[in-house]
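So the structure is just underneath, and the comments pick up after that.
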Amino acid sequence: MVSQFAKVQSVDIQGTSLTVAQVTAIARRSEVKVNLDEAAARERVAKSANWVAENISRGTDTYGVTTGFGATSHRRTNKTVDLQTELIRFLNAGVIGKESLPSTYSKVAMLVRTNTLMQGFSGIRWEILEAMANLMNKNLIPKLPLRGTITASGDLVPLSYIAGLLTGRHNSKVVTLKMKKSQPWKLSRGQEFQLLSSFKQRRV
């Protein structure tokens, strides 16, 4: 494991084979790149995304996409993008001051989340996974709150800040692993639904 950590130059992820040594290498060695294994995972990711899109077009209720969440899951809406945007706004409730989650931890969260989404069960689009990998490879890491996570699973608030960065929320900031400077970072609009619904669909 130590040898793999020291020698690896890139990490190929496809959903099921990520190792502790690879995760550590991404966290501790900023030059190590993340590659998405397109041959292994793209088809299943696309099938999942198409399934979600087809359900919406047919008017089928999908939890967290056309319904509310938790106790409000009985509510229905056809404003899918607005619902996801408001979900992230609601979850962006962490406390970000002088203390934030270490950048290496945040980068690992992005890596592990991307790897999980590549299993093809979430409905996310491939382009969003590419955007996540691009941020990691440029060492542009979202600033995540150290405090404020009080949800049932404990990860929704931090994940919402990753989603906020990718969808261009005004409060999003990035930090380099060298902690030189934080700044707003925006991704093109129109990608909110697939990204945000994937964060929620894992809870179905």
Residue pair [X] / [Y]: nearest heavy atoms and the distance that separates them:
X      : Y      : answer
Leu117 : Ser122 : CD2-OG, 3.4 Å
Leu144 : Tyr161 : CD2-CB, 3.4 Å
Val52  : Gly123 : CG2-CA, 3.8 Å
Gly120 : Ser48  : O-CB, 3.2 Å
Leu111 : Val23  : CD2-CA, 3.9 Å
Thr66  : Thr60  : OG1-O, 3.9 Å

I'd like to check [X] versus [Y] (side-chain heavy atoms, cut-off strictly below 4.5 Å). Are they in contact?
X      : Y      : value
Phe69  : Arg75  : no
Val65  : Leu83  : no
Gln84  : Leu87  : yes
Ile124 : Leu129 : yes
Pro145 : Val157 : yes

Requested in this report: Start with the C-alpha gap between Gln9 and Lys33, add the side-chain angles, then the distance that decides, and say whether side chain to side chain contact (heavy atoms under 4.5 Å, CB included) holds.
Outcome: CA-CA 7 Å; Gln9 296 301 313; Lys33 302 300 183 183; over 6 Å; no
Please check this pair: side chain of [X] against backbone of [Y], looking for a donor-acceptor N/O pair closer than 3.5 Å.
X      : Y      : answer
Ser172 : Gly164 : yes
Arg113 : Leu159 : no
Arg76  : His74  : yes

Please say yes or no: joined through hydrophobic side-chain contacts below 4.5 Å, possibly via intermediate residues, are [X] and [Y] part of one cluster?
X      : Y      : answer
Leu18  : Leu36  : yes
Val32  : Val34  : yes
Ile13  : Phe5   : no
Met132 : Tyr105 : yes

Any chance you could measure [X], atom [atom1], to [Y], atom [atom2], to the nearest 0.5 Å?
X      : Y      : atom1 : atom2 : value
Leu146 : Ser106 : CG    : OG    : 9.5 Å
Leu166 : Met110 : CG    : CE    : 6.5 Å
Met136 : Asn35  : CE    : CG    : 10.5 Å
Ser103 : Asn139 : OG    : CG    : 9.5 Å
Phe121 : Trp51  : CZ    : CH2   : 12.5 Å
Asn50  : Glu54  : CG    : CD    : 6.0 Å

Query raised in the report: Checking side chain to side chain contact (heavy atoms under 4.5 Å, CB included) for the pair Thr167/Thr85: CA distance, chi angles, key distance, verdict?
Result: CA-CA 9 Å; Thr167 57; Thr85 301; over 6 Å; no
Strictly by modelled atom types, are [X] and [Y] linked by a side-chain donor-acceptor pair under 3.5 Å?
X     : Y      : value
Gln14 : Ser17  : yes
Asn92 : Ser160 : yes
Thr24 : Gln22  : no

Report summary line: Hits for side chain to side chain donor-acceptor pair (under 3.5 Å) against Asn55, two or more places apart or cross-chain, chain-then-number order -> Arg58
Query raised in the report: Quick check: are there more than 12 heavy atoms from other residues, nucleotides or ligands sitting under 6.0 Å from CD of Glu43?
Result: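 It does not: Glu43 CD has 12 such atoms or fewer within range.
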